[in-house]
Structures are given as structure tokens and as C-alpha cells.
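A short write-up of the structure that comes next.
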Amino acid sequence: MMLLLFCGVMNAQQRGAIEYGKMPCGMLQGITEREYTIYLPPGYDESGTDTYPVLYLLHGGGCSNTDWVREGRLQDVADSLINNKLAPKMVIVCPEANKNNMIWFNAPHWKYEDYFFKELIPYIEHTYKVYADKGHRSVAGFSMGGGASVVYGLHHPESFSMVYGMSSYLRRQPLAFLKNDPSGEWRQQIVENNNPIKFVSACQQSMINQYNTIRWFIDCGDDDFTIDANMDLIRAFRSRGINYQFRVKDGNHNWEYWRPALVEAIKNAFIIANNP
């Protein structure tokens, strides 16, 4: 009897699927295809014409498209939230931005931001059963991926309903480990070129209404080396009248902080998906 009950509980907890894919790529110099990881919710293959909201989940510097699954436990988190009805079924896409050049932005020989919006998003929307509108599209990430999420929201406010930055790397910082990295200065300069604190402070007033169509979440540990920059971003938001939610909890720049932040990102993407 107990065995039957246990089996019934297990069957009730439906599992999503993790797939590792490659897509054609023509906008990144020397690259013909690009990796990505994707989470498909429980019942995706049997759902017929059902369409799902999509969350783009960006990784940090030195990481890869697989880290949200391996280190962040993406499948377990998403399955648990969906099975407990704390999030709807959604597709979650983890792009690759580490190989060849670790940067999420455009550079003279590396047009990654163009690739993301002109190749990756259209490919996902053509290949998978996801909505192709702002109201059902969100972006989140940690560290350099968190900084990219914020910048993408500022550069493309028509594209996302939620931006969730975790421990976001927002501007040039004097980091000792980058001194031995031959590409470190190049990345630092590209990040500084896209500094969202400066961008918000200088943006035209006409953009503020567009930015207020996005729900902004800035989430950072109190011991994180990015905390000052994240607080400066909040000051810039406040000074320009941009609405936001700011979360500061005990923690550092590590997976112990980002795993629970992922729960909040998925739950808040759910709110947007049901109220586009």
C-alpha cells in the first residue's frame, strides 16, 4: 500500500526536459553554429498547439550555457515551481556567451547583442512553441549575465516585460584576477561602454515611460563586490523616476545566492506571463 502511494506521488510530480541544442549563426565572426540549453516544461511534447511564455536566462563570466542546469539546478527549480502551481509552464532558454569571446555586448568584431536579438530570439520563436510578444518574454541573469539583462532591457524596452538582474556586473571594476587574463581589459572596456548607470542618468525623458513598462528586479548580496554598482543603479532609477524592486539579502557572489534568486526570477516571470 505504501509503495503504491509513493508511486502515485512520484507520478504527480511531472518532469520537464532539458535539451542541449545548436542553432545556425551568421552574425558572430568565425562562427557558423552556436550552442544553447533549453528547458521544456512538463507535457510540452503532448501539448499540441499550446504556446508558452519564455524566459531568457543568461550566465556569468567564465561560465557557459550549461551552468544554470549543472550549478543552478534549473530543472529541479522549474519543475518544483510548476508542480506546486507557483509558476506556469514556461520555456527557459540559456544562451552561450563564453566561447570565443566572453561578452554579451556588441564589439567591432563581435556583434553578440545583434546576434541575440536578430538571430537567437527569432530562432527560438520559430523553433519552439513560445509566444513572440513582450508580455510573455522575460530576461534574467547573474554577474555579467545580470548586467547584460539590465542593458538589454534598457536598449530594447519593447522586448521584455521583466528584467531580473542578480549580482549584476554593471561597470568596470579593479578585479585582481583579470590582470592575468589577456582578454580582461577588452571585456572591461566593453562593459564600461555599456554602463547602464551612465545610460539611465543620461537617457532622454521620453524613454522613461518605456522603461516603466518593464518590471525591474535588482537582486544583490550584501557581501557581493558588485553591491556598490547595483546601489548606484538604483539611485539612477530613483532619480529618473523608473520603478523597480531592490532586493539585498545576506550573501556573496556565488551559487548559494543565485539559486534562490532563480526561484524569484521564475516566479516573477510567471506574474508577467499571466498579466501581460
Side-chain angles (χ1 to χ4, degrees), residues 56-63 67 95 97-98 101-114 116-117 139-157 159-160 162-204 207-208 210-211 214-249 251-254 257-258 261 265:
Y56 290 88
L57 196 56
L58 314 186
H59 63 72
C63 299
D67 277 49
N98 187 39
N101 289 291
M102 174 54 231
I103 201 70
W104 291 97
F105 308 121
N106 284 345
H109 67 290
W110 191 251
K111 303 293 186 183
Y112 193 92
E113 187 171 340
D114 287 349
F116 189 96
F117 286 92
V139 63
F142 72 89
S143 195
M144 288 189 74
S149 298
V150 171
V151 172
Y152 284 4
L154 293 171
H155 287 181
H156 307 271
S159 293
F160 303 110
M162 183 201 75
V163 172
Y164 200 113
M166 313 169 195
S167 308
S168 300
Y169 192 83
L170 301 172
R171 64 187 178 199
R172 174 193 293 275
Q173 292 193 231
L175 303 177
F177 69 86
L178 289 178
K179 293 179 180 178
N180 298 320
D181 182 347
S183 298
E185 173 56 28
W186 176 80
R187 283 199 302 278
Q188 287 268 49
Q189 188 58 54
I190 299 297
V191 168
E192 185 60 30
N193 291 347
N194 290 273
N195 185 326
I197 303 163
K198 293 180 178 179
F199 189 89
V200 169
S201 299
C203 75
Q204 303 234 343
M207 295 301 298
I208 303 303
Q210 293 189 55
Y211 294 151
I214 300 171
R215 293 182 71 215
W216 297 91
F217 293 84
I218 308 300
D219 192 342
C220 191
D222 57 357
D223 296 317
D224 196 301
F225 70 87
T226 67
I227 185 66
D228 289 334
N230 279 271
M231 290 192 296
D232 285 346
L233 178 65
I234 291 303
R235 291 187 187 97
F237 276 10
R238 289 172 65 86
S239 72
R240 300 307 306 275
I242 299 172
N243 300 322
Y244 64 88
Q245 294 193 39
F246 189 29
R247 280 88 184 273
V248 178
K249 303 182 288 293
N252 214 315
H253 202 80
N254 53 37
Y257 195 89
W258 301 324

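Just so it is clear, the structure is predicted and the values come from calculations on it, not from any experiment.
Distance check: Leu58 CG to Ser143 OG gives 11.5 Å after rounding to the nearest 0.5 Å. Rounding to the nearest 0.5 Å gives a distance of 11.0 Å between CG of Asn98 and CD1 of Ile103. Interatomic distance, Glu113 CD to Asn194 CG, rounded to the nearest 0.5 Å: 6.5 Å. For the atom pair CG of Asp232 and CG of Leu170, the computed distance is 9.0 Å after rounding to the nearest 0.5 Å. We find the CE-NE2 distance between Met166 and His253 to be 12.0 Å, quoted to the nearest 0.5 Å. Note that CE of Met144 is 10.5 Å distant from SG of Cys63, once rounded to the nearest 0.5 Å.
In this structure Asp67 satisfies the salt bridge (Lys or Arg N to Asp or Glu O under 4.0 Å) test together with Arg70, sequence neighbours excluded. Qualifying salt bridge (Lys or Arg N to Asp or Glu O under 4.0 Å) partners for Lys111, counting only residues two or more places apart in sequence or in other chains: none. Scored by the side chain to side chain contact (heavy atoms under 4.5 Å, CB included) test, Arg240 finds Val200, Cys203, Gln205, Ile208, Ile242 as partners (sequence neighbours excluded). Not a single side chain to side chain donor-acceptor pair (under 3.5 Å) links Tyr211 to another residue, sequence neighbours left out. Scanning for salt bridge (Lys or Arg N to Asp or Glu O under 4.0 Å) contacts around Arg238 gives an empty result, with sequence neighbours left out. With sequence neighbours excluded, the residues forming a side chain to side chain donor-acceptor pair (under 3.5 Å) with Trp258 are Ser167, listed by chain and number.
Between His109 and Trp186, the two ring planes are tilted [angle within 30° to 60°]. Ring geometry for Phe105 against Tyr152 counts as perpendicular: the plane angle is over 60°, on a 0 to 90° scale with 30° as the lower cut.
Taking all atoms of both residues into account, the shortest heavy-atom contact from Tyr257 to Gly251 is CD1-CA, 3.7 Å. For the pair His59 and Pro95, the tightest heavy-atom approach, listed with the atom from each and the gap, is CD2-O, 3.3 Å. Contact between Ser168 and Val150 at its shortest, heavy atoms only, is OG-CG2, 4.2 Å. The nearest pair of heavy atoms linking Ala140 to Ser149 is C-OG, 3.1 Å. Asp219 and Ala261 get closest at one heavy-atom pair: OD2-CB, 3.8 Å. Smallest separation of non-hydrogen atoms from Arg172 and Val191: N-CG1, 4.3 Å.
No donor-acceptor contact under 3.5 angstrom links the side chains of Tyr164 and Gln245, judged on distance only.
Annotation: side chain of Phe246 is in contact with side chain of Met231 (closest heavy-atom distance under 4.5 Å). In this structure the side chain of Val163 never reaches within 4.5 angstrom of the side chain of Leu154, judged on heavy atoms. No side-chain heavy atom of Phe160 sits under 4.5 Å from any side-chain heavy atom of Trp216. Under the 4.5 Å side-chain criterion, counting only non-hydrogen atoms from C-beta, Phe199 is not in contact with Val151.
Although no hydrogens or angles enter the test, the distance criterion places no donor-acceptor pair under 3.5 Å between the side chain of Asn252 and the main chain of Asn254. No side-chain donor-acceptor contact under 3.5 Å links Gln173 to the backbone of Ala229.
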Carefully, step by step, assess Ser183 and Asn101 under the rule side-chain contact (heavy atoms from CB on, under 4.5 Å). CA-CA 8 Å; Ser183 298; Asn101 289 291; 5.6 Å; no
